[in-house]
Amino acid sequence: NAGVTQTPKFQVLKTGQSMTLQCAQDMNHEYMSWYRQDPGMGLRLIHYSVGAGITDQGEVPNGYNVSRSTTEDFPLRLLSAAPSQTSVYFCASSRVGQPGSAKNIQYFGAGTRLSVL
Amino acid sequence: DAKTTQPPSMDCAEGRAANLPCNHSTISGNEYVYWYRQIHSQGPQYIIHGLKNNETNEMASLIITEDRKSSTLILPHATLRDTAVYYCIAGFYNQGGKLIFGQGTELSVKP
């Protein structure tokens, strides 16, 4: 059971380059999200989606784009990378349930470590 | 979502119970308390959650005070593999949930 798969695991970019971080889940989860984690910090929400065709912004959306064309995939795009985007990026997914339901438990990928020079 | 406050770090001896406190004094009546942990740069892992009753699963116990303004995560017999950052999150999740992570508590289990 693969769960949440993120690719690549590591990436080095030059300032101004673009790239897409991939996230795929095989649990048929409606909800998917992207977080970034800077050294010594907690996770901060970038974007999230409650289903195919629906996305919304989190705490720190600037500089990132997302789309959700399928239930399984939720790619994160950096259009013009900046050194401030050097971070570890985590993707997560969950079902959508009533408050307190175990369906709302989020499952995280292993992360993508991105360095922008 | 309610703001949570946790101590930045704690130590625990291997085999002893680890009691991790969390303050969520502004929590509303329909907000749940969730605990996740992150082991050395891995993705966070769900531990347990609750509303007002104490909860227990195979990983831990969650004790929520009667006024719901604070809670304690208990790892009954901590092992070295429990060394991690533990996050307490309070919120009302009906669409998967926008988890808002704070700084968490860095728990070090020592032999």
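The sequence lines fix the lettering, A, B, ..., with proteins before strands; numbering per chain opens at 1.
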*Take atom CZ of A:Arg77 as the centre, draw a 6.0 Å sphere, and report whether it contains more than 12 heavy atoms from other residues, nucleotides or ligands.*
yes
_Would you say A:Leu79 ends up clustered with A:Val66 if hydrophobic residues are merged whenever their side chains have heavy atoms under 4.5 Å apart, either directly or through other cluster members?_
no
*Joint cluster assignment, A:Tyr107 & A:Ile46, ILVMFWY side-chain distance < 4.5 Å*: no
*Heavy-atom distance under 4.5 Å between the side chains of B:Pro44 and A:Leu43, does that happen here?*
yes
*Proximal component of A:Glu59, with respect to chain B [non-hydrogen, under 4.5 Å]*: side chain
_Output field: ring centroids A:Tyr35/B:Phe101 closer than 6.0 Å_ = yes
_Atom pair CZ/CD of A:Phe90 and B:Gln42 - distance to nearest 0.5 Å_ = 9.0 Å
*So which part of A:Gln37 gets closer than 4.5 Å to some heavy atom of chain B, the side chain, the backbone, both or neither?*
side chain
_For A:Arg113, which atoms come within 4.5 Å of any heavy atom of chain B: side chain, backbone, both, or neither?_
side chain
*May I ask whether B:Leu51 and B:Ile89 are part of the same hydrophobic cluster, defined by side-chain heavy atoms of I, L, V, M, F, W, Y residues being less than 4.5 angstrom apart, directly or through others?*
yes
*Would you say B:Tyr36 and A:Ile105 make side-chain contact, with heavy atoms under 4.5 Å?*
yes
*Measure distances from B:Glu106 to the heavy atoms of chain A and classify the residue's part below 4.5 Å as side chain, backbone, both or neither.*
neither
*Are B:Tyr32 and A:Asn104 side-chain neighbours, meaning at least one heavy-atom pair lies under 4.5 Å?*
no
